[in-house]
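Working notes, beginning with the structure itself.
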Amino acid sequence: MPAEIKPALPEEDQLFRLLRQLDLAPEASQRVTAAALGISLGRLNAQLRAVADAGLIRISEREGPDRRARFAYALTTRGATTKMRLTDRFLARKLAEYDALHAELTGTASGLVPLKHRTELMQNNLAPIPELYVSYESAQKLKVEAADLVSHDLTPRQICDLELLMNGGFNPLKGFLTEEDYNGVVENMRLADGALWPIPINLDVSEDFAASLEIGQDIALRDQEGVILATMTVTDRWVPNKAREAEKVFGADDDAHPAVNYLHNTAGKVYLGGPVTGIQQPVHYDFRARRDTPNELRAYFRKLGWRRVVAFQTRNPLHRAHQELTFRAAKEAQANLLIHPIVGMTKPGDVDHFTRVRCYEAVLDKYPQSTTTMSLLNLAMRMAGPREAVWHGLIRKNHGCTHFIVGRDHAGPGKNSAGEDFYGAYDAQELFREHEAEMGIEMVDFKHMVWVQERAQYEPMDEIEDKDDVTILNISGTELRRRLAEGLEIPEWFSFPEVVQELRKTKPPRSKQGFTVFFTGFSGSGKSTIANALMVKLMEMGGRPVTLLDGDIVRKNLSSELGFSKEHRDLNIRRIGYVASEITKNGGIAICAPIAPYATTRRAVREDIEQFGAFVEVHVATTIEECERRDRKGLYKLAREGKIKEFTGISDPYDVPQNPELSVETENVDVDNCAHQVILKLESMGLIAGS
Ligand code: PPS
């Protein structure tokens, strides 16, 4: 690792010269090598040891009387890549010097780097990358033939994955992973052929669908409207060990991780693998001009002569600090800048991509003209921290970039169920650095930029020497969300007025947003009664429309055909969640009052709703004994007699909410008081303005 060899080789140039010399004359004696480099034998020896320890060269012994000629040196793959990278830097520096001289002498910059001076790394964004699409004519034919094949309807995540498989964004993958590739990726981030690939890309399906297929069969892959995007030959079918996948890929089998939650509760039980034949790209109607395939971006860079391009990955709006850091990254890497935001799937609760893209467009004007461009990436993120950073790097390399910015806690998923971070803040940078040479894309590490009030400028935190004498300001993501939610001021030093305006449009203060109050508890616990009282109180306050989705009412209207099996209860709750999310999205208040006995389903509903507004879970904590004692509808009696099957609390489970926003006791407390407790909670969350 470069860090290890620093003491012996303080200068990059020296390392470059040594590697080049060993590459040019691997058989030469140490004496000759030292002479060529103009250094003493002792110094050369120290350097050789350091470089060998860093895994950049291999030393082998050979026969001969001369002690100094007894060893031969060969660059390892890592050494060769490092040399290439340093050659690039060296050349770029020389060319910049030449440019400056040229400009001084002639008053004009020299422009392009002559072709013969481009090294492989500089050219890695020039050649087209293989895609999985067939020609237009073949696609037309294949589309007709594929209509007769068994179809799989792709999930939103699978559509994102398929798009990047087909357009070369996931090169070298040629389809969904086979079992052997999957095992290699999970265990040690490598495909069966040894290529580096950190994230499993699987076609997960139901057990029934998997069982209906034969190995070797072709299937059609359709988008959600039924359009055939590709065909796949199923070569592999297996039941994965998801707990193992969670541990190895995401670092913990903990449902608090969004991808682990997805793995266990959304993804199908069986994986299918096999090569994909691309017929057409998924259709996007939004921001079409801003979406580019890897080859389109490569062609664009070629056209503009951008040989060094640093990519900035983001799933958040850009503020001034980001602009400053991307600027610095571009300068440091002597590269043009690609702002490459994710518009596929990000972390639940993120600002929607429509708003973000409008924000990015506003910021783009603030960069010097023709240094920077923006393109949208339809990637489904996994929030896998270190592995995700490596994955992001490989994807950006495929998109023609030579450098990639990796920040603190890159693609972090937040806290685990014990309230701790899933990954160390710099784990992502470390893993990236470990594989950087092999990946062929260089990391530019993210500087933590802060505003220095006295100098009225952003500076990297670790470079401020007079920390005690200046005022350092910063606004965290959480603080920004709070200010937006409460309609508070967002200072000009923090963001651009255009960005703040966009964010305010989509995120009005909480007291004007829609939200959902979700009561859960046993039958007869008092959910409906409290929900009704709450509804009336909210209607009395006015301002937003209120809808009550009571358990019984929903079962009469929305879910009249459903019973009380686990599947039916889940379907019932997901329907309630869907309607509540629509109400919340459109600025209304939804009050739901089903039993909702299962924690995973309640969590899924929470995720659906939190994209649009607050989800306030209220556990009506009346004990089963008290509910049975009350037995308002006489159902408990029937349940005890076995006349009603699968009755919650009697013959069917109820997962007590672990972290509800509020838990209300109803024994010896009147309804008005219970409803008032909810009102106070809503006030404290800023959802209704205090009286
Ligand atoms: S669930 O589990 O959330 O889908 O249930 P929900 O839609 O809230 O429906 C619960 C009401 O249906 C009546 N009922 C039963 N409840 C639980 N278990 C069984 N087997 C059952 N069969 C009928 C009961 O009256 C519930 O009404 P509430 O309002 O909760 O008392």
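Indexing begins at 1, ligand by ligand and atom by atom, following the structure's order. Computed over heavy atoms, backbone and side chain alike; hydrogens, waters and symmetry mates excluded. Throughout, residue positions are numbered sequentially from 1 according to the sequence presented.
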[Y] and [X] side chains, donor-acceptor separation under 3.5 Å:
X	Y	answer
His284	Glu163	yes
Gln158	Asp204	yes
Glu388	Tyr423	no

Which ligand 1 atoms, with their elements, are less than 4.0 angstrom from a heavy-atom of [X]?
X	result
Pro594	3 (O), 8 (O)
Ile573	3 (O)
Glu646	18 (N), 19 (C), 20 (N)
Gly524	31 (O)

Proximity flag Lys645 to ligand 1, non-hydrogen atoms under 4.0 Å: yes
His568 to ligand 1, any heavy atom closer than 4.0 Å: no
Give the residue and atom name of whichever protein heavy atom lies nearest to [atom], and the separation in Å to one decimal.
atom	result
atom 24 (C) of ligand 1	Leu635 CD1, 3.6 Å
atom 10 (C) of ligand 1	Ile595 CD1, 3.6 Å
atom 26 (C) of ligand 1	Ser523 OG, 3.8 Å
atom 2 (O) of ligand 1	Arg569 NH1, 2.8 Å

Heavy atoms only, cut-off 4.0 Å: how does [X] contact ligand 1, side chain, backbone, both, or neither?
X	result
Pro597	side chain
Phe647	both
Lys633	side chain
Ala596	backbone
Asp550	neither
Asp652	neither
Val554	neither
Thr648	both

Check [Y] with [X], please: is the shortest side-chain N to carboxylate O separation under 4.0 Å?
X	Y	answer
Arg575	Glu561	yes
Glu582	Lys585	yes
Lys566	Glu646	no

Parallel, tilted or perpendicular: rings of Phe287 and Phe354 (30°, 60°): tilted
Plane angle bin for Tyr636 and Phe647 - parallel if under 30°, tilted between 30 and 60°, otherwise perpendicular: perpendicular
For [atom], tell me which residue out of [options] has the closest non-hydrogen atom.
atom	options	value
atom 15 (C) of ligand 1	Phe519, Phe564, Tyr598	Phe564
atom 11 (C) of ligand 1	Thr529, Ile576, Leu562, Asp552	Asp552
atom 7 (O) of ligand 1	Arg575, Lys527, Arg555	Arg555

Counting C-beta onward and ignoring hydrogens, is there a side-chain heavy-atom pair between [X] and [Y] closer than 4.5 Å?
X	Y	answer
Ile595	Phe522	no
His353	Thr346	no
Leu503	Thr355	yes

Rounded distance [0.5 Å steps], CG in Asp655 versus OG1 in Thr520: 9.0 Å
Neighbour count >12 (heavy atoms, 6.0 Å) for atom CD, Glu214: no
